[in-house]
2 protein chains.
Amino acid sequence: MGLDERLEDAIHEHGGRMTEQRRVVLETLASLNSHPTAAELYEIVREKLPDISQGTVYRNLKRLKELGYVQELDYGPGASHFDARVEPHYHVRCLECGRVADLEIERRPAPCIEEARRAAGEWVISGHRVEFVGICPKCRGTETEQRDREGS
Amino acid sequence: MGLDERLEDAIHEHGGRMTEQRRVVLETLASLNSHPTAAELYEIVREKLPDISQGTVYRNLKRLKELGYVQELDYGPGASHFDARVEPHYHVRCLECGRVADLEIERRPAPCIEEARRAAGEWVISGHRVEFVGICPKCRGTETEQRDREGS
DNA sequence: ATAGATGCAAAAACTTTGCGAAGCC
DNA sequence: GGCTTCGCAAAGTTTTTGCATCTAT
């Protein structure tokens with residue numbers, strides 16, 4: 001009933017194999033409440049698997065995403081962030097440092113999706129995404145310090 | 001009263017200068033209803049200014065964005081897309097090829113932004129973004145052809 | 001046994017930047 | 001004339017990939 005068994009089945013169904021690396025990548029991502037970039041996740045995973053390569057982390061994130069076990073949050077400049085919570089939920093992104101966090105509020109149904117479908121013509125609209133943006137506590141602190149230093 | 005004059009004023013106010021390259025980058029972007037990546041825009045701009053460099057296109061897009069004349073749409077994997085329509089409006093993004101298009105529907109007020117602020121704790125929430133996702137007509141065609149070829 | 005995954009490293013894709021020359025104000 | 005921007009090219013980031021080896025099934 002654990003995540004591993006469901007994942008293992010899903011992997012096998014698509015002709016894939018369950019490797020230590022794949023399991024640890026997903027387990028590690030799932031254990032975080034932050035939403036790291038691939039490079040950040042690589043560093044964390046290396047604590048458990050020192051010899052894993054960046055390529056493997058990228059390949060597994062891609063595979064897990066295709067299987068629906070991970071979502072990619074590629075809003076904002078710089079690297080994509082990854083999230084093992086795949087049921088729709090809202091995020092906040094820091095405009096300053098790019099950090100992404102969950103927002104614990106109930107998700108609303110898609111606004112005006114029927115109107116969007118009508119306006120989209122021949123496009124097939126499958127969903128929508130909402131992202132809040134702002135400044136995270138850490139960067140707000142830094143900004144304040146900067147203002148203080150500059151004396152304005 | 002044209003875009004150029006307002007832009008020129010805005011540029012000057014910030015100690016900048018109005019160059020041919022800067023004007024053409026913005027004019028070209030504004031003349032498209034597509035939302036090209038920097039590289040795509042570079043190719044189009046080169047028809048008018050064959051000697052312009054990629055660096056100049058990137059630098060100007062960055063500057064014009066800071067001045068609020070361009071918005072950056074960096075949803076999705078791969079390169080950022082740019083849009084000279086800066087008043088808020090909805091986009092659709094193709095999950096297949098990454099193409100971005102406008103959606104001509106009226107924008108709703110921010111959903112539950114007060115709730116988001118409460119849930120965000122110490123974050124300062126300044127806004128939100130909504131993006132519809134789906135499959136564009138071109139990729140839908142390709143998918144159909146593929147399905148036909150595979151006979152499934 | 002064998003197809004799929006890995007580690008390594010090189011390449012590709014995307015963006016920024018240093019520098020000397022050129023151009024806007 | 002002075003300070004910004006330019007073109008060029010190199011470097012920085014982020015992601016993908018080729019290949020020989022290894023491993024889960």
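Below, all heavy atoms of this structure are taken into account, side chains as well, without hydrogens, waters or symmetry copies. Below, chain A is the first sequence line, B the second, and so on; all start at residue 1.
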Run Arg23(A) and Glu8(A) through salt bridge (Lys or Arg N to Asp or Glu O under 4.0 Å) and show every step you take. CA-CA 9 Å; Arg23(A) 177 183 290 106; Glu8(A) 211 159 330; 3.8 Å; yes
Is the phosphate of dT16(C) approached by Tyr58(B) (side-chain N or O, under 4.0 Å from OP1 or OP2)? no
Between dT5(D), dT16(D), dG7(D), which nucleotide gets closest to the side-chain atoms of Arg22(B)? dT5(D)
Base, sugar-phosphate, or nothing: which does Arg63(A) touch, judged by heavy atoms less than 4.0 Å apart? sugar-phosphate
Take atom CG of Asn60(B) and atom P of dT17(C), then tell me their distance rounded to the nearest Å. 15 Å
Parallel, tilted or perpendicular: rings of His89(A) and His35(A) (30°, 60°): tilted
Nearest-neighbour nucleotide for the Arg59(A) side chain, dC6(D), dT15(C), dT6(C) considered: dT6(C)
For a side chain to side chain donor-acceptor pair (under 3.5 Å) check, start with the C-alpha distance between Gln21(A) and Thr56(A), then their side-chain angles and the critical distance, and finish with the verdict. CA-CA 8 Å; Gln21(A) 290 88 339; Thr56(A) 297; over 6 Å; no
Base, sugar-phosphate, or nothing for Gly16(A), non-hydrogen atoms under 4.0 angstrom? sugar-phosphate
Between dT21(D) (P) and Gln21(A) (CD): distance, integer Å: 18 Å
Quick note, Ile52(B) side chain, CB onward, closest among dC6(D), dG7(D), dC25(C) is dG7(D)
Tell me: CG of Leu61(B) to C1' of dC14(C), nearest whole Å? 13 Å
Which residue lies toward the 5' end of DNA chain D, Thr19(B) or Gln54(B), if each is placed at its nearest nucleotide? Thr19(B)
At under 4.0 Å between heavy atoms, what does Gly55(B) touch on the DNA or RNA strands: base, sugar-phosphate, or nothing? base
How close or far is atom C1' of dA9(C) from atom CG of Asp51(A), stated in whole angstroms? 15 Å
Taking the side chain of Ser53(A) as its heavy atoms from C-beta onward, which of dG7(C), dT4(D), dT15(D) lies nearest to it? dG7(C)
Please check this pair: side chain of Gln71(B) against backbone of Arg85(B), looking for a donor-acceptor N/O pair closer than 3.5 Å. yes
Gap between atoms NZ and C1', on Lys62(B) and dC14(C) respectively (whole Å): 14 Å
Rounded to whole angstrom units, what separation is found between the CG atom of Leu41(B) and the C1' atom of dC14(C)? 15 Å
Which of these nucleotides, dT15(C), dT5(D), dC25(C), is closest to any side-chain atom of Met18(B)? dC25(C)
Look at the side chain of His81(A) and the backbone N and O of Gly98(A), then say whether any donor-acceptor pair between them is shorter than 3.5 Å. yes
Quick note, Ala79(B) side chain, CB onward, closest among dT23(D), dC6(D), dT15(C) is dT15(C)
Could you tell me how far apart Leu49(A) (CG) and dA5(C) (C1') are, to the nearest whole angstrom? 14 Å
Check the phosphate of dT15(C) against Ser80(B), side-chain N and O only, distance under 4.0 Å to OP1 or OP2. Yes or no? yes
Gap between atoms CD1 and P, on Ile11(B) and dT5(D) respectively (whole Å): 7 Å
